[in-house]
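We use all heavy atoms of the structure for the numbers below, so side chains are in, but hydrogens, waters and symmetry mates are not. Fair warning: this is a prediction, and the values are worked out from it, not measured in the lab.
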Amino acid sequence: MNEHVQTAASGPLFNHLSADFIHDPYPHYARLRATDPVHLTPFGTYVVSRHAEVSLVLRDKRFGKDFVERSKRRYGSQIMDESLFHNMAQTILQTDPPQHTRLRNLVVKAFTARRVEDMRPRIQQVVDQALDAIVDRGRMDLVADFAYRLPVTIICDMLGIPQEHREVFHTSSGDSVRILESVPLTPEETKQGNARVQMAQMYFQQLFDLRRRNPGDDLTTQLVQAEEDGNKLTNEELTANIMLLFIAGHETTINLIGNSLLALHRNPDQLSLLKANPSLIANAIDEFLRFEPSVQFTGRVALEDIDDLGGKKIPKGESVLCLLGSANRDPAVYPDRPDCLDITRKNIKPLSFGGGIHFCLGAQLARIEVEIAINTLLRRLPGLRIDDVENPEWRPNLVLRGPKRLPASW
Ligand code: HEM
């Protein structure tokens, strides 16, 4: 038994609500992988923790999102009358083929490698401006003052949100993704979520009208005009997917910047190595993604009876939670010190952007944003120190993992 299995040796196998789990889920993952890698929890979900099974579930057509039926089973059939759920059901993230294929084909064009590469100068400019604004202060919160602005600004650019409307988008709480958590929403949370969706719908309707009258070189204009095999997006699909892109395009990346900076400062040898060799950054980002992924779980439903998943039968209709953060540290795939950060590690294949048909559309964009953010920060503020690397306050969110704040000085 390894050290981590011993550390988390008591209590329920999967208690992701405990403070201990939020502080450091990895010993808990190690215990799951070693003792019950396809674990049926008391709340009726199968939790899958090894790389092999996580990878299989993400790619196998016998598993899907089944969002509408899953939500009805969980909350009752009236749940789809709630705007929050109705809206989420129209997103690329929560649909299955053929709707998923049609939606994804429309949006994917905005994320070609070429288009994303062309965004480098703008990303560099936004990072430099963020640092210019605080460089004389000697102190900042790396999350609020640095990590936050970049992805929000870039996704607003991509969506063509006019400058004068952006302030309202510059508040983030992570609440928008509560619906993706494994813990059911309370009626109050559903009500708050409905209100957020309705406000966003009102705003985006105005933006669509503006872009119809006044087209721009942006994704909203493209989608407003979109036609794929004669299949236009419905108005509801349009709003739902623009909202999804906005949320997916920033919450995740903010956390990855925070997690990467924290991981580097907890491992001073790796920090010095990267400072001395900035060209290691591409490999380092794969390692940051592997080591502390900002999306920890994603869910699927068995669309038919599954005879054997890691030795267990999964009946049709049952939910499966894929632990991406656990798969990324599976010693079967990373035999060499999986719990250590090593920016020179070879053959890193993190599952942090998912896999199969729902593989993250923004993966390349996120990599470039994090690459420029980290290398520029280390170059411009070489004396940067994080106040408390051991006990940062983590966001209370379970799907998205990242520090809430990271006070630092230089
Ligand atoms: C570090 C940053 C990011 C991480 C870790 C991340 C992670 C993920 C993961 C794990 C999935 C798959 C979910 C599933 O299988 O259920 C996903 C899907 C998605 N991501 Fe990202 N993401 C990041 C950044 C972005 C950005 C910058 C954008 C857009 C600008 C984006 C847009 C999307 C979209 C639209 C999907 C749904 C794709 C589909 O269902 O076909 N993501 N992301």
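Salt bridge status for E53 with R50: present, with a side-chain N to carboxylate O gap under 4.0 Å. Using a 4.0 Å cut-off between a side-chain N of Lys or Arg and a carboxylate O of Asp or Glu, R139 and D387 qualify as a salt bridge. Using a 4.0 Å cut-off between a side-chain N of Lys or Arg and a carboxylate O of Asp or Glu, R212 and D209 qualify as a salt bridge. Under the 4.0 Å criterion applied to side-chain N and carboxylate O atoms, D96 and K61 are not assigned as salt-bridge partners. Under a 4.0 Å N-O distance rule, the pair D118/R114 qualifies as a salt bridge.
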Would you please test R380 and D132 for salt bridge (Lys or Arg N to Asp or Glu O under 4.0 Å) and show each step?
CA-CA 10 Å; R380 289 191 56 182; D132 290 346; 2.7 Å; yes
Decide yes or no on side-chain contact (heavy atoms from CB on, under 4.5 Å) for H39 and S49, but give the supporting numbers first.
CA-CA 8 Å; H39 171 64; S49 50; over 6 Å; no
Begin with the C-alpha distance, continue with both residues' side-chain angles, and end with the deciding distance and a verdict on side-chain contact (heavy atoms from CB on, under 4.5 Å) for R196 and M199.
CA-CA 5 Å; R196 266 198 312 275; M199 264 177 60; 5.9 Å; no
Evaluate side-chain contact (heavy atoms from CB on, under 4.5 Å) for N87 paired with E236, printing each intermediate quantity in order.
CA-CA 7 Å; N87 179 73; E236 281 184 341; over 6 Å; no
The test is salt bridge (Lys or Arg N to Asp or Glu O under 4.0 Å); show your working for R137 and D145 and say whether it passes.
CA-CA 11 Å; R137 279 204 235 152; D145 299 325; 3.7 Å; yes
D336 and R345: salt bridge (Lys or Arg N to Asp or Glu O under 4.0 Å), yes or no, with the steps?
CA-CA 9 Å; D336 184 21; R345 190 185 293 277; 5.1 Å; no
Take D60 and R300 through the test salt bridge (Lys or Arg N to Asp or Glu O under 4.0 Å) and record every step on the way to the result.
CA-CA 10 Å; D60 192 317; R300 294 291 187 272; over 6 Å; no
side-chain contact (heavy atoms from CB on, under 4.5 Å), that's the test. Do F21 and N15 meet it? Break it down for me.
CA-CA 7 Å; F21 186 101; N15 180 9; 5.9 Å; no
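Residue K191 places its NZ atom among 12 or fewer non-hydrogen atoms of other residues, nucleotides or ligands, all under 6.0 Å distant. Counting non-hydrogen atoms of other residues, nucleotides and ligands closer than 6.0 Å to CG of D217 gives a total of 12 or fewer.
For the residue pair T344 and N283, no side-chain donor N or O sits within less than 3.5 Å of a side-chain acceptor on the partner. Side chains of E292 and S260: no donor on one and acceptor on the other come within 3.5 Å. For the residue pair T221/D218, the side-chain donor-acceptor check at 3.5 Å is satisfied. There is a side-chain donor-acceptor pair under 3.5 Å between H165 and Y203. With no hydrogens or angles considered, no side-chain donor-acceptor pair links S319 and R70 at under 3.5 Å. With 3.5 Å as the limit, one finds no donor-acceptor pair spanning the side chains of N328 and H51. In the model, S409 has a side-chain atom that pairs as donor or acceptor with a side-chain atom of R385 under 3.5 Å. Counted by atom type alone, N255 and R395 present one or more donor-acceptor pairs between their side chains at under 3.5 Å. Between the side chains of E237 and Q99, at least one donor N or O lies within less than 3.5 Å of an accepting N or O. No side-chain donor from either of T239 and Q201 sits under 3.5 Å from a side-chain acceptor of the other.
Between H16 and F14, the ring-plane angle classifies as parallel under the 30° and 60° cut-offs. Ring planes of Y75 and F85: perpendicular class, angle over 60° (limits at 30 and 60°).
In this structure, R329 fails the cation-pi test against Y334, since its NZ or CZ atom is not both closer than 6.0 Å to the six-membered ring centre and inside 45 degrees of the ring normal.
The closest donor-acceptor contact from the side chain of R33 to the backbone of S326 lies under 3.5 Å. Looking at R73, its side chain does come within 3.5 Å of a backbone N or O of G317 through a donor-acceptor pair. In this structure, H358 contributes its side chain and G354 its backbone to no donor-acceptor pair below 3.5 Å. For T45 (side chain) and T41 (main-chain N/O), no donor-acceptor pair under 3.5 Å exists by modelled atom type. When atom types are taken as modelled, the side chain of K72 and the backbone of Q78 share no donor-acceptor pair closer than 3.5 angstrom. In this structure, the side chain of Q270 engages the main chain of I343 through a donor-acceptor pair within 3.5 Å.
If you take CD1 on I242 and CG on L207, they are separated by 7.5 Å, rounding to the nearest 0.5 Å. Atoms CG and CG, from L93 and N241 in turn, are 9.5 Å apart once rounded to the nearest 0.5 Å. Note that CG of L233 is 6.0 Å distant from CG of L103, once rounded to the nearest 0.5 Å. Atoms CG and CD, on N194 and E189 in that order, are 12.0 Å from each other to the nearest 0.5 Å. Atom-to-atom distance recorded for N267:CG and L341:CG is 5.0 Å, nearest 0.5 angstrom. Atom CD1 of I281 and atom CG of N375 lie 4.0 Å apart (nearest 0.5 Å).
Aromatic rings of Y26 and Y29 (six-membered ring for Trp) have centroids within the 6.0 Å cut-off, being under it.
Of all heavy-atom pairs spanning R290 and P293, the tightest one is O-CD, 3.6 Å. Nearest heavy-atom pair across L289 and S352 is O-OG, 2.7 Å. Between L309 and V38, the shortest heavy-atom contact is O-CG2, 3.4 Å. When all heavy atoms are compared, the tightest approach of R266 to P392 is NH2-CD, 3.5 Å. Residues L303 and D66 come closest through the heavy atom pair CD2-CB, 4.1 Å. When all heavy atoms of I372 and T376 are compared, the pair lying nearest together is O-OG1, 2.6 Å.
Two residues are said to be in side-chain contact when any heavy atoms from C-beta on lie closer than 4.5 Å; L32 and V48 fail this criterion.
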